Number of protein chains: 2
Amino acid sequence: MSTSTVSVVVVEDHPVTRMGIVALLGQDERLSVVGQAGTGEDALTLVEAERPDVVVTDLRLGDGMDGVGVTSAVRARRGAPAVLVLTTYDTDRDIVRAVEAGAAGYLLKDADPADIVGAVVAAARGESVLSPALAQRVVARMGRQQADLSAREVEILAAVAQGLGNREIARTLFISEATVKTHLVHVFTKLDVDSRTAAVARAREDGLLG
Amino acid sequence: MSTSTVSVVVVEDHPVTRMGIVALLGQDERLSVVGQAGTGEDALTLVEAERPDVVVTDLRLGDGMDGVGVTSAVRARRGAPAVLVLTTYDTDRDIVRAVEAGAAGYLLKDADPADIVGAVVAAARGESVLSPALAQRVVARMGRQQADLSAREVEILAAVAQGLGNREIARTLFISEATVKTHLVHVFTKLDVDSRTAAVARAREDGLLG
DNA sequence: CCTGCGGTCAATCTTTTGGTTGACCTAGCC
DNA sequence: GGCTAGGTCAACCAAAAGATTGACCGCAGG
């Protein structure tokens with residue numbers, strides 16, 4: 001950790017938002033933005049070169065590696081910088097995945113600017129920063145452990161989410177309608193619901209679908 | 001319209017993004033940011049006071065008035081400033097509504113910064129700015145005219161999207177199951193689909209649901 | 001080798017949905 | 001007053017979806 005100022009790398013794909021974050025963090029004398037990246041890949045080489053104290057990253061980074069990937073990669077080594085996730089939208093699943101990947105904190109972009117700056121400083125000190133509302137949801141979520149569907153089941157569910165009927169799904173996937181039903185029964189059981197519509201709703205709130 | 005520099009008001013609820021946009025626009029000598037607002041209501045009083053050449057607004061503005069509301073309100077008078085919508089996500093419906101409300105342009109936040117600045121300048125000259133991909137979708141969309149569901153129908157559909165069955169919907173809305181079915185038949189007809197799941201899928205892509 | 005899991009399929013039965021028709025009431029409009 | 005649109009409900013029928021049971025195959029792992 002630096003002596004006086006905290007060095008920060010900002011990872012965010014949208015140029016305008018990236019400028020905003022850099023501007024916000026840069027105007028605080030405790031912080032120093034030493035680099036910025038628009039993709040996950042660039043972020044990793046940048047972190048390697050700059051060895052910042054904190055990495056502030058968005059979750060969605062366009063194509064390629066996402067924020068969770070960046071987090072795990074960055075945190076993989078000892079002496080690694082702290083990672084603070086700063087994102088717009090949030091599903092429970094995103095938050096859990098980010099925290100599991102080693103993020104020190106998770107903030108929404110509509111947070112108060114002062115809170116964001118404060119979170120970066122706290123993260124640099126090794127503290128964990130989760131907004132109370134989010135923290136609550138994370139623990140609530142850890143309890144009901146993530147349903148994990150097989151690849152095929154997700155495929156079926158995605159088709160259902162598009163509004164297809166069982167027969168149509170069977171045709172597009174080249175399997176029998178009976179098989180589609182079998183998969184759906186499994187999906188329903190795993191998601192603890194009893195209709196296709198409810199399955200889609202649940203999958204959405206769990207972040208299993210786009 | 002000003003003599004030399006174009007005056008701009010920025011409307012965006014997320015402080016960080018707002019800072020980014022202001023910073024981006026402010027560093028171009030052709031532009032001058034004369035005000036910024038975090039809500040639609042503030043935006044209107046600000047526009048009234050500053051009489052800018054261009055208003056750059058997000059579509060989603062947290063609670064209260066949204067970007068479309070701001071657009072129509074701002075454009076309601078003669079000699080009104082041009083409105084440029086700058087947003088993150090986009091459904092076809094959002095774009096169409098914004099354009100219909102009188103927006104001169106519609107850009108995504110992941111656009112190149114130079115393009116954004118250029119769009120503001122173009123908007124000030126009274127030109128229309130739509131990214132080609134979006135423009136294509138708008139026209140494609142104008143063709144199949146927007147289905148309009150009654151308030152009750154939307155209510156029913158929203159319940160369906162949450163995964164509720166007809167019986168549950170009937171109970172929560174204090175009506176009979178027969179009525180729920182009737183509404184759904186109307187919804188299906190209007191959306192040109194033949195199942196609840198397909199209705200939800202269609203409504204989503206049309207932006208009729210959150 | 002055997003076990004478990006994922007994927008495939010079939011037959012059967014119950015429940016839910018969707019389609020159709022027709023009806024009544026209310027509110028707003030010409 | 002007649003007309004239309006939205007909301008309410010009922011009865012009935014057809015189709016789709018869901019539940020249950022049982023079976024076969026291939027493959028990874030103990």
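Protein chains get the first letters and strands the later ones, always in sequence-line order, with residue 1 at the start of each. Note: hydrogens, waters and symmetry copies are ignored here, and every other heavy atom, side chains too, is used. The model shown is predicted, which means the values in this text are computed figures rather than measured ones.
Atom CD of B:Glu153 and atom C1' of D:dA5 are 10 Å apart (whole Å). Computed from coordinates, the B:Leu191 CG to C:dG18 C1' distance equals 15 Å when rounded to whole Å. Atom C1' of nucleotide C:dC9 and atom CG of A:Leu173 are separated by 15 Å, given to the nearest angstrom. Nucleotide C:dG18 holds its C1' atom 13 Å from the CZ atom of A:Arg196, rounded to whole Å. When rounded to the nearest whole Å, the span between CZ of A:Phe174 and P of C:dC9 equals 12 Å. When rounded to the nearest whole Å, the span between CD of B:Glu168 and C1' of C:dT15 equals 13 Å. Separating the NE2 atom of A:His186 from the P atom of C:dT8 is a distance of 12 Å, rounded to the nearest angstrom. Straight-line distance from the CG atom of A:Leu184 to the C1' atom of C:dG6: 15 Å, rounded to whole Å.
With D:dT8, D:dG18, D:dA10 as the candidates, the nucleotide lying closest to the side chain of B:Thr179 is D:dT8. When the nucleotides D:dG6, D:dA17, C:dG6 are ranked by their closest atom to the side chain of B:Ser150, D:dG6 comes out on top. Checking D:dT8, C:dT8, D:dA19 against the side-chain heavy atoms of A:Arg152 singles out C:dT8 as nearest. Considering only side-chain atoms of B:Ser176, the nucleotide from D:dA10, D:dA17, D:dA19 that sits closest is D:dA10. Between C:dG7, C:dG18, D:dA19, one nucleotide has an atom nearer to the side chain of A:His183 than all others, and that is C:dG7. Among D:dC9, D:dA19, C:dT17, the nucleotide with an atom closest to any side-chain atom of B:Lys181 is C:dT17. Considering only side-chain atoms of A:Asp194, the nucleotide from C:dG19, C:dT16, D:dA19 that sits closest is D:dA19. Distance from the side chain of A:Lys190 is smallest for C:dG6 among the nucleotides C:dG6, C:dC9, D:dC9. Of the candidates C:dG18, D:dA17, D:dC9, the closest approach to any side-chain atom of A:Asn166 belongs to D:dA17.
Summary of the strand contacts: A:Val193 and B:Glu177 both lie near DNA chain D, and taking for each the nucleotide with the nearest heavy atom, the more 5' one is attributed to B:Glu177. Nearer to the 5' terminus of DNA chain D, by closest-nucleotide assignment, is the contact made by A:Phe188 (compared with the other of A:Phe188 and A:Thr182).
Side-chain N or O atoms of A:Asn166 include none that pairs as donor or acceptor with a backbone N or O of A:Glu177 at under 3.5 Å. Although no hydrogens or angles enter the test, the distance criterion places a donor-acceptor pair under 3.5 Å between the side chain of B:Ser128 and the main chain of B:Ala104.
Within the 4.5 Å cutoff, no side-chain heavy atoms of A:Val154 are placed close to those of A:Leu208.
Nucleic acid contact class of A:Ser195 (heavy atoms, under 4.0 Å, all strands): sugar-phosphate only.
A side-chain donor from one of A:Ser176 and A:Thr179 sits under 3.5 Å from a side-chain acceptor of the other.
For the salt bridge (charged side-chain N to carboxylate O under 4.0 Å, His left out) with B:Glu12, the qualifying choice from B:Arg18, B:Arg60, B:Lys109 is B:Lys109, the only one to do so.
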